[in-house]
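In what follows, a structure is listed as structure tokens, so that the remarks can point back to it.
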Amino acid sequence: MSSNLNILKWLFALVLIFGGFTIYKIFGVLAVDLGDKEYVWLVKIISEFGLFTSVVISVGFFHHWIIATEERKETEKIFHSVLSKYIDETVINAKKRGFLGITEKELDFSEIMHGLYPGDYVYWMITFDPRYRHYCREFELAIKKGVHFRMLILKDGPTSEHHAKEIIGFGAEEFRQYNRLFLSSLEDIAGRINEKDEGTLGVFVYDYEHLPSTPLFIILRKKSKVLEVFNSFYLSEPIGRMPYLHWQSDLKNDNRYFFESEQWSMPDLFLDYFHRHWMIERHNLTMADKDKSPYNDFIYAPASARKKCIRLSGESDVLSGSESM
């Protein structure tokens, strides 16, 4: 449609050029033949107007095809140099490294839960937000339909108390009570997950001197081979009310050397960050098991699949070496 319209425009321009010149010639000859007639001035005006139209359209035609084309080329060079600097280094590079955008003010937890499929893995590294207690039912249903959750939850202590003091509208004791309620809800969910359910749950309750650098919600979508990450920041609002950065990349089988590759992406770095923290807690659990000492900071389900609940996505069914149970 657009190409046909352009053809009609150029045909119209050619008609004006040749039509104007034809009018100029015809009415010029007519003005000579009329001699001293009193209305000959009108004929001369029509003749001159035809010449004017023909010349103006011809100049415009020439300018568009020759001069304007060169001007456009020069303008494109200038824009290309500018855009290469800003677009390539920001938009294109951000897309290459996995950046998709920023969520609305609050992360839609329900939408994420409903968008999970059997075999997907979810890695959770978020200090507790009271909002999540409302979604325990969706959380449980996702596990029952075959989703695997691996969670790192902050333990009561100086770190959680410090974080509570930073959040507007929360006291340390109130934050502690909400945190205990959430952990109790996770224990209840674990008690209702059995061997018939396809999903699994593994939760380490950890205690660090400092808060982790970023809250993470990582989804490994097995069917579509996609790694999706939401991350935010610990500021003065509860983490559930903060906007999240949204990242996505292809799900790789081996991430050991991804950062040295030209194809590195931020989702890979987030995944590695969670993986390292998880391995620290798993090592502590392994040492406790070897010493036959109690370890109460690991919640898992189903009860008959303890080894499976410790594993991350892609790990073999048999844990070897120092991680063996």
Side-chain angles (χ1 to χ4, degrees), residues 97-113 115-116 120-136 138-139 142 147-170 172 174-176 178-183 185-186 201-221 227-249 265-281 297 299 312-313:
R97 303 311 175 192
F99 184 65
L100 289 186
I102 303 176
T103 66
E104 295 297 333
K105 190 173 182 180
E106 293 188 13
L107 183 65
D108 193 336
F109 187 76
S110 293
E111 182 181 0
I112 292 177
M113 289 294 103
L116 297 173
D120 289 347
Y121 275 76
V122 175
Y123 296 164
W124 173 310
M125 192 175 186
I126 303 174
T127 56
F128 173 66
D129 186 312
R131 187 188 68 154
Y132 289 119
R133 74 183 189 277
H134 300 299
Y135 301 112
C136 286
E138 295 173 346
F139 185 78
V147 180
H148 306 280
F149 283 84
R150 302 294 180 261
M151 307 174 69
L152 292 169
I153 304 297
L154 197 63
K155 185 188 296 185
D156 285 342
T159 303
S160 60
E161 290 179 6
H162 173 72
H163 184 49
K165 292 176 182 178
E166 290 185 334
I167 299 177
I168 298 173
F170 271 90
E174 182 183 14
F175 188 87
R176 183 181 296 108
Y178 275 125
N179 190 45
R180 290 173 180 172
L181 177 61
F182 182 58
L183 290 175
S185 298
L186 290 177
L201 172 66
V203 183
F204 279 114
V205 185
Y206 67 98
D207 184 15
Y208 291 152
E209 294 181 0
H210 304 286
L211 285 171
S213 62
T214 179
L216 287 175
F217 196 88
I218 304 173
I219 306 171
L220 287 72
R221 301 189 183 276
L227 172 62
E228 194 170 4
V229 178
F230 297 89
N231 86 284
S232 190
F233 309 93
Y234 292 114
L235 300 176
S236 57
E237 292 290 338
I239 196 59
R241 294 176 55 183
M242 289 290 293
Y244 278 71
L245 302 184
H246 190 190
W247 308 84
Q248 183 174 294
S249 67
S265 69
M266 285 302 299
D268 293 328
L269 298 180
F270 287 128
L271 182 63
D272 180 69
Y273 180 78
F274 181 91
H275 186 270
R276 291 176 184 275
H277 279 277
W278 183 268
M279 289 304 174
I280 292 172
E281 298 307 316
D297 294 332
I299 302 170
L312 298 175
S313 173

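Since this is a predicted model, take the numbers as computed values, not measurements.
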- Name all residues meeting the salt bridge (charged side-chain N to carboxylate O under 4.0 Å, His left out) criterion together with E281; count only those two or more places apart in sequence or in a different chain, and write none if there are none. none
Interatomic distance, [X] atom [atom1] to [Y] atom [atom2] [nearest 0.5 angstrom]:
X: I219; Y: W247; atom1: CD1; atom2: CH2; answer: 15.5 Å
X: L186; Y: W124; atom1: CG; atom2: CH2; answer: 8.0 Å
X: S249; Y: L269; atom1: OG; atom2: CG; answer: 9.5 Å
X: M151; Y: Y206; atom1: CE; atom2: OH; answer: 11.0 Å
X: L227; Y: F270; atom1: CG; atom2: CZ; answer: 10.5 Å
X: L271; Y: S313; atom1: CG; atom2: OG; answer: 8.5 Å

Are the side chains of [X] and [Y] in touch, meaning some heavy atoms are under 4.5 Å apart?
X: H275; Y: L312; answer: yes
X: E228; Y: I218; answer: no
X: L100; Y: L245; answer: no
X: Y234; Y: T214; answer: no
X: I153; Y: L183; answer: yes
X: R221; Y: L116; answer: yes

- What residues form a side chain to side chain donor-acceptor pair (under 3.5 Å) with T103, not counting sequence neighbours? none
- Query: Are I112 and F217 close enough, and set up right, to give a side-chain contact (heavy atoms from CB on, under 4.5 Å), and what steps lead you there?
  - Reply: CA-CA 10 Å; I112 292 177; F217 196 88; 3.5 Å; yes
Closest non-hydrogen atom pair between [X] and [Y], with its separation:
X: C136; Y: S185; answer: SG-CB, 3.7 Å
X: L216; Y: N231; answer: CD2-CB, 3.6 Å
X: M113; Y: A142; answer: SD-CB, 4.4 Å

- Message: Is it the case that the side chain of S232 and the backbone of M242 share a donor-acceptor pair, with hydrogens and angles ignored and the cut-off at 3.5 Å?
- Response: no
- ring-ring contact (aromatic ring centres under 6.0 Å, His included) involving Y123 - partner list, sequence neighbours excluded: F274
- Task: Please list, chain by chain and in numerical order, all residues satisfying ring-ring contact (aromatic ring centres under 6.0 Å, His included) with H246, sequence neighbours excluded.
- Result: F230
- Message: For a side-chain contact (heavy atoms from CB on, under 4.5 Å) check, start with the C-alpha distance between K155 and D297, then their side-chain angles and the critical distance, and finish with the verdict.
- Response: CA-CA 9 Å; K155 185 188 296 185; D297 294 332; 2.7 Å; yes
- Message: Please tell me whether F149 and F139 form a close aromatic pair, meaning their ring centres lie under 6.0 Å apart.
- Response: yes
- Query: Below 6.0 angstrom between ring centroids: does that apply to F204 and W278?
  - Reply: yes
